[in-house]
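Read the structure below first, then the notes.
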Number of protein chains: 2
Amino acid sequence: MELSERKLKILKAIIKDYIETAEPVGSRTLSRKYDLGVSAATIRNEMSELEEYGYLLQPHTSSGRIPSDKAYRLYVDQLMESKRLAKRQQELLRKNLAQKFHEIQNLLRNSAEHLAELTDYTSIAMAEKTQETLVKHIQLVPVDEDRFLLVLIINAGHVKNSLLKTGQALNQEELQKISNLLNTHLQGKDLRDMTKEQGEIMEEELPEYERTIRGILLYLREISKEIERIDVFFSGTTNIFNFPEFNDIVKARSFLAMLEEKELMKNLLSLSGREGLSVSIGRENLYEIAQECSLVTTTYKVDDRTVGHLSVIGPTRMDYSKVVSVMYRINRDLNRSLKNDF
Amino acid sequence: MELSERKLKILKAIIKDYIETAEPVGSRTLSRKYDLGVSAATIRNEMSELEEYGYLLQPHTSSGRIPSDKAYRLYVDQLMESKRLAKRQQELLRKNLAQKFHEIQNLLRNSAEHLAELTDYTSIAMAEKTQETLVKHIQLVPVDEDRFLLVLIINAGHVKNSLLKTGQALNQEELQKISNLLNTHLQGKDLRDMTKEQGEIMEEELPEYERTIRGILLYLREISKEIERIDVFFSGTTNIFNFPEFNDIVKARSFLAMLEEKELMKNLLSLSGREGLSVSIGRENLYEIAQECSLVTTTYKVDDRTVGHLSVIGPTRMDYSKVVSVMYRINRDLNRSLKNDF
DNA sequence: ATTAGCACTCTGTCTTAATGAGTGCTAATG
DNA sequence: CATTAGCACTCATTAAGACAGAGTGCTAAT
């Protein structure tokens with residue numbers, strides 16, 4: 001079903017107006033505000049047809065019309081024009097680019113903060129949990145008489161460390177000996193598979209360090225849970241109060257409650273964005289609470305492994321043009337950083 | 001100015017009732033609901049005097065009265081009785097205790113989550129920024145052909161690490177040589193004082209590793225900023241929607257906006273809690289936006305150094321008795337964990 | 001000193017009426 | 001024949017007025 005040139009023009013005007021004002025738009029306002037070259041009555045007829053086709057909705061019989069999810073989809077895919085970034089935005093982006101980060105989490109978190117400031121919506125950063133937890137390298141580093149630092153490098157480039165108590169005085173050489181033992185036995189093994197037997201074999205080999213080795217094994221098993229923790233950051237959560245659709249305390253609350261559900265957010269982002277930049281609008285989102293929102297999500301990879309998502313969430317009446325433009329830029333910058341630094 | 005027995009009894013009843021209902025309480029309700037042994041008229045007279053003394057406020061001429069900050073202060077210091085924890089709470093606390101954490105941040109974050117669930121208010125966890133950033137130990141650990149891991153231990157027990165590129169192939173022995181060099185020159189030095197000259201001296205000593213050393217120095221200077229980052233976590237932020245005093249969208253918004261201001265929160269917590277458990281009520285808080293809230297804050301130390309705060313924030317009409325009881329327990333548990341594990 | 005009775009105050013809620021933006025339909029127009 | 005002007009009708013929002021309910025302060029009685 002192809003829409004006529006004129007219908008597209010009218011639809012685009014309606015969407016633009018609604019994005020701007022959040023008010024249902026009527027035929028008269030439209031003809032007065034935009035130069036469409038036809039009278040209000042004609043627009044009325046066209047609008048009526050656009051409603052039949054499912055592009056417009058009428059909140060009640062005698063009100064103006066608002067765009068449907070279908071209309072936004074058409075708008076995002078075909079109608080909208082990319083926006084030039086404002087000076088203020090350009091500058092912020094330059095700053096974002098200039099900083100250096102040594103952990104992907106911090107990089108994402110920082111970008112999320114800028115993203116929220118640039119778009120005036122709520123931004124979400126998510127550091128993807130590690131899929132595998134294979135031991136790559138273990139190193140014990142001396143600290144005090146009775147403490148040492150265990151450094152654990154996992155295959156995916158993740159590093160974990162922790163101060164552990166020895167229970168016995170150990171010098172650097174002894175620690176190195178234990179490190180070597182651990183590496184020969186555990187390299188390539190999955191953290192979740194640290195069995196008791198594993199420990200016993202090692203303890204037999206260096207029985208004088210039995211207690212220390214046992215402590216380490218215990219720690220490795222515990223840490224595997226911590227590594228799988230999902231990290232989700234937000235910025236600009238209070239921005240939603242700017243939008244009349246969330247002026248209702250119940251709506252605002254359920255929006256914020258949704259953000260607090262980390263598991264849900266994780267799935268939402270993973271589902272919404274798989275490759276590059278993607279937009280999911282209203283009911284396209286699988287979760288009901290998110291169906292009055294739209295998400296623009298970018299996905300980041302290092303060596304073909306997804307390491308994180310960056311996302312903007314707002315009402316379906318979102319300034320897609322602005323958001324997409326900003327995210328394209330951030331996406332480009334971030335990918336550059338990731339390539340260079342990780 | 002000493003309050004009579006009867007006045008105290010009435011005041012306590014008013015506070016209890018207001019904490020429960022959030023409605024200004026009048027003399028009739030009071031005499032009907034609580035067994036005070038005197039008529040409504042007498043209560044009226046007493047209330048009128050309590051108002052003169054500054055313990056009660058009257059929102060408008062013909063309404064009931066609400067407690068002032070002064071009244072809450074009296075209540076917290078002298079009137080309230082500690083509450084026994086409910087079964088549900090006991091259980092959650094046991095769970096909280098059972099988990100092991102290897103980073104103070106995670107420990108605090110987790111406790112904050114439980115705290116919010118237990119009290120039905122908003123909880124805040126703050127990991128205090130490190131005051132000093134003196135190098136305690138540096139260790140380089142081999143990873144790939146072209147990458148190694150730098151582990152940095154700072155005096156306060158903080159550990160930072162990062163994957164760095166060598167720019168040249170380095171084996172374990174060579175890395176150890178560089179580690180030793182770094183330790184002899186940098187131990188005890190402040191991270192913020194890493195000067196160029198410092199680097200040049202070291203580069204002269206091992207000129208063949210010039211590039212690597214330069215990279216490390218650069219990293220150390222950068223990381224000093226990251227270490228000072230404040231970490232603030234929240235839990236139960238949407239709980240405030242349960243309270244009628246935040247049913248106004250403007251109030252709710254400004255509350256949430258306050259939480260987003262990390263610097264402000266940091267100061268608020270640091271000021272509010274210095275030792276053990278402290279309560280700051282309404283206008284006792286220095287920041288204006290926090291003056292309709294009360295904070296119950298606990299402070300945590302390791303080796304006499306403040307490492308974090310845990311706090312509950314809610315309306316001044318807070319169930320102090322419940323909150324204080326819960327926090328005493330968490331405080332005890334947490335101090336135990338800190339003593340054992342850090 | 002305490003209490004019952006009463007007039008008065010203020011808020012919140014409900015009803016009603018007025019306003020205004022918008023629609024759909026019909027008939028006129030180029 | 002597509003377009004447009006005109007008109008009756010719908011629905012939401014807002015303002016004003018009426019009313020009930022909870023509370024107070026004061027006075028007089030106990």
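Reminder, nothing fancy here: chain letters follow the sequence lines and each chain counts from 1.
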Check: [Y] and [X] side chains under 4.5 Å, non-hydrogen atoms:
{"X": "L269(B)", "Y": "T299(B)", "answer": "no"}
{"X": "I330(B)", "Y": "T298(B)", "answer": "no"}
{"X": "M318(B)", "Y": "V296(B)", "answer": "yes"}
{"X": "I281(B)", "Y": "Y320(B)", "answer": "yes"}
{"X": "L118(B)", "Y": "D120(B)", "answer": "no"}

Main-chain N/O of G282(A) paired with Q291(A) side-chain donor or acceptor, under 3.5 Å: no
Under 3.5 Å donor-acceptor, N285(A) side chain and Y287(A) backbone: no
Using a 6.0 Å cut-off, check whether atom [atom1] of [X] has over 12 heavy atoms from anything other than its own residue.
{"X": "R329(A)", "atom1": "CZ", "answer": "yes"}
{"X": "E292(A)", "atom1": "CD", "answer": "no"}
{"X": "R253(B)", "atom1": "CZ", "answer": "yes"}

Under-4.0 Å side-chain N/O to phosphate OP1/OP2 contact, R6(A) with dT3(D):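 The answer is yes; a side-chain N or O of R6(A) sits under 4.0 Å from OP1 or OP2.
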Note: R65(A)-E51(A) ion pair, threshold 4.0 Å (strictly below):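 Yes.
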K251(A) bridged to E245(A) by N-O distance under 4.0 Å: no
Which residue lies more 5' along DNA chain C, comparing R28(B) with S62(B) via nearest heavy atoms: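 On the 5' side of the pair lies R28(B).
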Considering all heavy atoms, the nearest [X]-[Y] contact:
{"X": "R317(B)", "Y": "I19(B)", "answer": "NH1-O, 2.6 Å"}
{"X": "G314(A)", "Y": "Y121(A)", "answer": "CA-CD2, 4.1 Å"}
{"X": "C293(A)", "Y": "I313(A)", "answer": "CB-CG1, 4.0 Å"}

Atom [atom1] of [X] and atom [atom2] of [N]: how far apart are they, to the nearest Å?
{"X": "E49(A)", "N": "dT3(D)", "atom1": "CD", "atom2": "P", "result": "10 Å"}
{"X": "R44(A)", "N": "dA2(D)", "atom1": "CZ", "atom2": "P", "result": "18 Å"}
{"X": "L30(A)", "N": "dT4(D)", "atom1": "CG", "atom2": "P", "result": "14 Å"}
{"X": "E23(A)", "N": "dA12(D)", "atom1": "CD", "atom2": "P", "result": "14 Å"}
{"X": "N45(A)", "N": "dT3(D)", "atom1": "CG", "atom2": "C1'", "result": "9 Å"}
{"X": "R65(A)", "N": "dT10(D)", "atom1": "CZ", "atom2": "P", "result": "17 Å"}

T29(B), nearest nucleotide to its side chain (from dT3(D), dC11(D), dG23(D)): dG23(D)
Proximity to DNA chain D (any heavy atom under 4.0 Å), residues of residues 34-43 of chain A only: V38(A), S39(A), A41(A), T42(A)
Contact list for residues 71-87 of chain B, test salt bridge (charged side-chain N to carboxylate O under 4.0 Å, His left out), sequence neighbours left out: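 Salt bridge (charged side-chain N to carboxylate O under 4.0 Å, His left out) check on residues 71-87 of chain B returns K12(B)-E81(B), R73(B)-D77(B), R73(B)-E284(B), K83(B)-D319(B).
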Return the polar atom pairs (N/O with N/O) between nucleotides 17-19 of chain D and the protein under 3.5 Å, or none.
none

Which nucleotides of DNA chain D pair, in dot-bracket form (Watson-Crick or G-U under 3.5 Å, | meaning another strand): ||||||||||||||||||||||||||||||
Start and end of chain A contact along DNA chain C [non-hydrogen atoms, under 4.0 Å]: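 Listed 5' to 3', the contact boundaries are dG22(C) to dG24(C).
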What nitrogen or oxygen pairs link the protein and nucleotides 13-16 of chain D at under 3.5 Å?
none

